Student: 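This is the structure I want to talk about, given as structure tokens.
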Amino acid sequence: DAEITQSPRHKITETGRQVTLACHQTWNHNNMFWYRQDLGHGLRLIHYSYGVHDTNKGEVSDGYSVSRSNTEDLPLTLESAASSQTSVYFCASSETGGSYEQYFGPGTRLTVT
Amino acid sequence: QKEVEQDPGPLSVPEGAIVSLNCTYSNSAFQYFMWYRQYSRKGPELLMYTYSSGNKEDGRFTAQVDKSSKYISLFIRDSQPSDSATYLCAMKTSYDKVIFGPGTSLSVIP
């Protein structure tokens, strides 16, 4: 069965360190998204990609970067982790075009100390 | 003003109750209206979607869209403890990204 996986599921890191969160999907979807979820804010879009070598900034992109070298993967990098980036991060994918349905991964819980 | 507003709850109801969850929005260009369900420590999953206005029913769940009032609702009949989750409304135009509401936490008490 097709799926979307994230790793690690839990991560504790120190302020200032670079951190990369992995996202891998086997749906063969062109569209991939990274969100963070915080109490009171819901899901906020960090970065998204509509295909290989395409990346775009979302509403809360400062301090984050992504790269898309193949269809299956969209890693999210925190350049220099800050305590404000403590959150739960979700990766999602959807079909090409204006698809309303996104398939979410299980999430990564990141704590920055 | 946020594009999509939703009462965060928490909402606690007895088993068997009818639950009403609601969202308001400001962008009149939204055409697709979705409800996602998110269990604790899991990713959201699409529960229902409606295109444009009207009602849609799926088992115990009914989604309603009133574009004139910019208001959408999700009704759950005969609520069960397994319905305990966070419910996120979501919307999109025909050409842009999905916008999510902050979610309402629901607990159904046996």
Side-chain angles (χ1 to χ4, degrees), chain A residues 1-10 21 23-25 27 29-50 54-61 87-111, chain B residues 1-10 21-27 29-53 56 58 63 65 72 74 85-106:
Chain A
D1 285 348
E3 61 177 354
I4 180 165
T5 57
Q6 293 182 235
S7 62
R9 295 294 313 277
H10 302 270
L21 309 183
C23 174
H24 179 81
Q25 53 100 1
W27 290 99
H29 286 159
N30 280 327
N31 302 342
M32 295 186 73
F33 309 85
W34 273 105
Y35 296 91
R36 58 178 291 174
Q37 188 174 39
D38 306 284
L39 266 175
H41 291 281
L43 285 166
R44 290 184 290 175
L45 184 63
I46 304 171
H47 281 286
Y48 59 100
S49 168
Y50 288 148
D54 175 73
T55 61
N56 305 281
K57 293 182 179 181
E59 64 175 302
V60 290
S61 60
S87 186
V88 181
Y89 291 85
F90 288 99
C91 179
S93 69
S94 71
E95 293 181 351
T96 303
S99 176
Y100 57 85
E101 182 168 15
Q102 295 190 1
Y103 297 80
F104 283 83
T108 294
R109 188 172 295 269
L110 176 69
T111 302
Chain B
Q1 182 191 10
K2 292 185 178 179
E3 273 194 289
V4 179
E5 307 237 27
Q6 185 177 7
D7 186 340
L21 304 169
N22 311 292
C23 287
T24 58
Y25 63 93
S26 57
N27 187 349
F30 285 141
Q31 294 275 43
Y32 296 87
F33 302 91
M34 293 77 75
W35 287 95
Y36 281 77
R37 179 172 60 193
Q38 183 178 20
Y39 290 116
S40 180
R41 298 184 179 272
K42 303 284 188 183
E45 292 180 308
L46 182 66
L47 182 62
M48 294 187 72
Y49 99 95
T50 308
Y51 176 72
S52 194
S53 280
K56 188 170 187 177
D58 184 1
V65 176
I72 72 169
L74 177 71
T86 296
Y87 291 81
L88 299 96
C89 62
M91 309 172 189
K92 73 181 298 295
T93 66
S94 58
Y95 52 84
D96 210 344
K97 302 174 294 301
V98 176
I99 306 296
F100 289 89
T104 299
S105 175
L106 171 68

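The structure displayed is predicted, hence computed values, not measured ones. Here is the naming used below: chain letters follow the sequence lines, and residue numbers restart at 1 for every chain.
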Student: For the residue pair W35(B) and T50(B), establish whether any side-chain heavy-atom pair is separated by less than 4.5 Å.
Tutor: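 No; the side chains remain at least 4.5 Å from each other.
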Student: I'd like to know if the side chain of S61(A) reaches the main chain of I46(A), judged simply by a donor and an acceptor atom lying under 3.5 Å from each other, with no hydrogens or angles considered.
Tutor: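 Such a contact is absent between S61(A) side chain and I46(A) backbone.
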Student: What part of Y36(B) gets within 4.5 angstrom of chain A, counting heavy atoms only: side chain, backbone, both, or neither?
Tutor: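 The side chain, not the backbone.
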Student: Which bit of Q6(B) comes within less than 4.5 Å of chain A, counting heavy atoms only: side chain, backbone, both or neither?
Tutor: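 Contact with chain A is absent: no heavy atom of Q6(B) under 4.5 Å.
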Student: Which bit of P8(B) is near chain A, if near means a heavy-atom gap under 4.5 Å: side chain, backbone, both or neither?
Tutor: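 Interface part for P8(B): neither.
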Student: Check each atom of Q102(A) against the heavy atoms of chain B and say whether the ones under 4.5 Å are side chain, backbone, both or neither.
Tutor: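 Contact with chain B: backbone and side chain both.
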Student: Is chain B contacted by the side chain of R44(A), its backbone, both, or neither, given a heavy-atom distance below 4.5 Å?
Tutor: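 R44(A) has no heavy atom closer than 4.5 Å to chain B.
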Student: Run the salt-bridge test on R36(A) and D38(A) with the 4.0 Å N-O cut-off and return the result as yes or no.
Tutor: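 Yes.
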Student: For Y50(A), is it the side chain, the backbone, both or neither that has a heavy atom under 4.5 Å from a heavy atom of chain B?
Tutor: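 For Y50(A), the side chain is the part near chain B, not the backbone.
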Student: Check whether L45(A) gets within reach of chain B through its side chain, its backbone, both or neither, counting any heavy atom under 4.5 Å.
Tutor: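 Answer is side chain: those atoms of L45(A) sit under 4.5 Å from chain B.
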Student: Quick check on the interface: out of P102(B), G103(B), G101(B), P44(B), who has the most heavy-atom pairs with chain A under 4.5 Å?
Tutor: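 Max contact count across the listed options: P44(B).
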Student: Could you pull out all residues at least two apart from Y35(A) that satisfy ring-ring contact (aromatic ring centres under 6.0 Å, His included)?
Tutor: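 F104(A), F100(B).
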Student: Checking side-chain polar atoms at under 3.5 Å, does D7(B) have a donor or acceptor matched by the opposite partner on T104(B)?
Tutor: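 Side-chain D/A pair, D7(B) to T104(B): absent.
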Student: According to ring-ring contact (aromatic ring centres under 6.0 Å, His included), who are the partners of H29(A), at least two apart in sequence or on a separate chain?
Tutor: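 Listed in chain order: W27(A), Y103(A).
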